[in-house]
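Beneath this line is the structure, given in structure tokens, with notes to follow.
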Amino acid sequence: MGRYILQRVTLMLVTFFIITFICFALIRMLPLPAVQPGDPHQEVVLQRRELMGYNKPIIEQFGIFLKGLFTKWDWGVSDKLYMGQEVWSIFLGKLPPTMVTNLYSIIFAIPIGILLGIIAALRKNTWLDHFISTATMVCISVPSFVYASIVQHFLCFRWGWFPMVMATGTDLFTKEMFLSMVPAVLSLSFGVIAGFTRTTRAELTEVLTSEFMLLARTKGLTKMQATVRHALKNCMVVILPAIFGNFISIMSGSLIIEQIFSIPGVGKLYLSSINALDYPLFLLLSCFYLAIGLIAGIVVDVSYGFIDPRIRMGSRK
Amino acid sequence: MADSIQRIPAEKFTFVQKDAVITDKKLDTKARSYMADALIRFRKNKSSVAAAFILLLLVLYAIIVPIVSPYSMDDKDPDKRYVSFPPFIKSIADENIGIFDGSTKITSINEQGYQRLIAIGKETGMEPIIKITEISTQEEIYRGKPREVQYYTMEANQYYMTGVVLRVLSFEEFEDIQKWQTENNIQVIYPWVEPSAIKNIEDPAIWYKVSDNKGTPDFDADGNFVPAYSTKKSLEGAPYDSLRIESDPGNYIYSIKKSGSVQVRLCYFNYTIYRTGHLPEHVFGVNSRCEDLATAIAIGARFSLLFAVAVSAINLTIGAIYGSIQGYYGGYIDLTMDRISDILSGLPFTVCVVLFQYHMAGTSFGVIGAFLLAFIVTGWIGMAALTRKQFYRFKSQEYILAARTLGASDRRLIFKHIFPNAIGTIITSVALVIPSVISSETSLTYLGIVNVSGVFGASLGDLMSNGQTYAQKSPWALFFPALYFSLLLICFNLFGNGLRDAFNPSTRGVED
């Protein structure tokens, strides 16, 4: 197990390094934004570029970048959106709103998703199951911006229950702030609920028809006991890793939802850095999204081995 | 030994069972082919069949509508008057059943505004007011004295509400409209009203005598509007010899001079008929960019479908070849190629799209070319994995060994013997790849990371993002693209799921 984890982490680091290099090279090869004539920062900008190693070979530039990264954790300064500010601190500032909204959404969505999945599985082939399955199907097929728009139009505009966009302010835990986050949280939740419902239903229907369930009933357990103690426990082998994966991903904000509800989070920052051609910010956030994706993948894979002793990760035949 | 076997003379061989009676019966039933079997099972899945049917309609919509539609993306209302207008079909609106009547809710209309709308109906013969939903009375202080003011909330037809507008026409156009009017018997140009006759109000819709500069109408004894049309021949811009309005005694002027051209009051609705040759009907309404939504949706859908099919076809080809080589040769080749695809699969999709756009959108590849490449960079990996798995399943089977013993080359083994086995699985997975491509493509155009509509005319994501911005004013601009898009994705997924189940041999006979 330890060997397997080590193997996966090493591979992840290699992947991370290679893709970072590719992104870095591709970004550095782009034409630089022209310096505004008469800009008082002109000197500083030019000097900064010289230091970053522009007009040296890409490999050397990457070396300079890595050196700065390892010695000072220096990701560069923003050159468009937040002129002259450290991109790392900008990024850290944007993390809390994203994490809070995502956290609310998975705390809300995962139990509902699992519950709906259980109901659908236990009432298989009844109208309730058909209804839940159809709704799940619809939620999975339709991208989040469609229902985000619907949520915003009805809950915020027509009925006026919530503000149209997230309230501004630094304290994320006031009542007003919470209310203004509800539409975004709801929109984020649909996909998560649908995902968990589908997984739970599929797993549970399979487990419920397996032979050990018959044994459990034969030895005198009630249907309730058998389901909760035996069937659900087995389902968790698939569900728990998905939950872990979701918890890792709370840091990466949804570009679309944050844009629609103007949440000052990572996703919105990413989108504005793309549109404003702010290269250092774009590089940092690309690396961040890359890392989150890779880590979530490893956590999901490894947790299978921890949860279910029958699964031996990375074992040979 | 081998020598003696070869030398057995032919006549020594005899048939063992030459005269024996064979009791085996020939099979009466016809063998069912794989495809026929899949089709039968697909038909049993009612929701998939329904989805396939709706999908067909949606695709037909995308193909046919831009051809038959009188609107295109380039030819927009030049005056930009029909902005964010609701769905309107005249023949349905005349039935007065509450749909396609071009109606929007207007609030806080005061008495003068209300009279103005009635007057528009009186002059042009097209009643803008559909239904008054509420009349509220408010107390206001007017010149030191309190008085009651009525405010109307109503449903009104926005197309008719545009009413009569001012427009400067060249002499040729003025002549042309006159000729058209006479031919078609539709009044476009209405008699001129001097601002001085209506207390200097600058509102082309007011054609009646008013008592103050707020536009309070001066009714005659019967409570009718009193026309304030100009009869001053000296002002007339060009001779008028065409339809005259009913109440015209024959001396109204229909235009005034305006530096080398004429200025007229014209009914915009009828003017649009003159200009375009058809009624200004918009089945799904108009968005804030003056685009006819019905056409724009179809063009956007064309892009999405073409793009998704192209991406899937290319990814299918690359993935199949890559996966075949991986699966067939195995060993180190497999391991190396697997690492490559592993690393590539870590690349976040958004990053990939953005970098391609930065680098290639300005080159000869263009926006769409760069977008397509971004989808291909990581898109083939799933397909390759699928093919690889199928190859591992089939390559050690006896018939492959037999073919190899007969001297078949690697290429022949791969493409003639193993790959056809994998085709069913691969094709059905394409049915599920297409909706996912459409979905991510639309998300990116929605966010504005990729601007397809500049090149292709319209894209669903762009339409929805525009609709979302103006959702409060014109919800239809969001509703119809979102509806089409959602239906497309849901049907594609249902259809794909049905197809996958039908082609999956392991579920064969399970439901019977």
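Here is how names work: the chains are called A, B, and so on, in the same order as the sequence lines, proteins then strands, and each is numbered from 1.
- A distance-only check finds a donor-acceptor pair linking the side chain of B:His359 to the backbone of A:Leu26 [under 3.5 Å].
- When all heavy atoms are compared, the tightest approach of A:Met137 to B:Asn493 is CE-CB, 3.0 Å.
- Options B:Ala482, B:Ser443, B:Pro481 differ in how many heavy-atom pairs under 4.5 Å they form with chain A, and the most are formed by B:Ser443.
- Once rounded to the nearest 0.5 Å, the distance linking OG of B:Ser439 with CZ of A:Phe145 reads 7.0 Å.
- Considering only heavy atoms from C-beta on, B:Arg339 stays 4.5 Å or farther from A:Val14 through its side chain.
- Between chain A and the options B:Asn497, B:Leu355, B:Leu478, B:Leu488, the largest number of non-hydrogen pairs under 4.5 Å is found for B:Leu355.
- Only the backbone of A:Ser273 comes within contact range of chain B, with heavy atoms under 4.5 Å apart.
- Distance check: A:Ser141 OG to B:Ile490 CD1 gives 5.5 Å after rounding to the nearest 0.5 Å.
- Using a 4.5 Å cut-off between heavy atoms, B:Gln468 contacts chain A through its side chain alone, with no backbone atom that close.
- Both the backbone and the side chain of A:Leu290 come within less than 4.5 Å of a heavy atom of chain B.
- Between B:Ile449 and A:Leu271 there is a side-chain heavy-atom pair separated by less than 4.5 Å.
- You'll find the ring centres of B:Phe349 and A:Tyr289 outside the 6.0 Å limit.
- Atom-to-atom distance recorded for A:Ile274:CD1 and B:Thr350:OG1 is 6.5 Å, nearest 0.5 angstrom.
- With a threshold of 4.5 angstrom between heavy atoms, B:Leu487 does not approach chain A through any atom at all.
- The parts of B:Thr442 that come within reach of chain A are both its backbone and its side chain, each placing non-hydrogen atoms under 4.5 angstrom from that chain.
- Here the closest heavy-atom approach between residue A:Ser286 and residue B:Pro348 is recorded as O-CG, 4.3 Å.
- Of the candidates A:Ile256, A:Val146, A:Leu255, A:Ile256 is the only one forming a side chain to side chain contact (heavy atoms under 4.5 Å, CB included) with B:Tyr446.
- Interface residue B:Leu347: backbone and side-chain heavy atoms are both found under 4.5 Å from chain A.
- You'll find the side chain of A:His153 reaches within 4.5 Å of the side chain of B:Pro475, heavy atoms only.
- Note that CG of B:Leu344 is 7.0 Å distant from CD1 of A:Ile22, once rounded to the nearest 0.5 Å.
- The candidate from B:Thr469, B:Asp342, B:Leu447 with the greatest count of non-hydrogen atom pairs under 4.5 Å with chain A is B:Leu447.
- Contact record, B:Tyr358 with A:Leu277: CE2-CD2, 3.1 Å, taken as the closest heavy-atom pair.
- For a residue to count as touching a neighbouring chain, one of its non-hydrogen atoms must lie under 4.5 Å from one of that chain's; by this rule B:Phe485 touches chain A with the side chain only.
- Neither the backbone nor the side chain of A:Phe17 comes within less than 4.5 Å of any heavy atom of chain B.
- Looking at B:Ile343 and A:Ile19, their side chains come closer than 4.5 Å, going by heavy atoms from C-beta outward.
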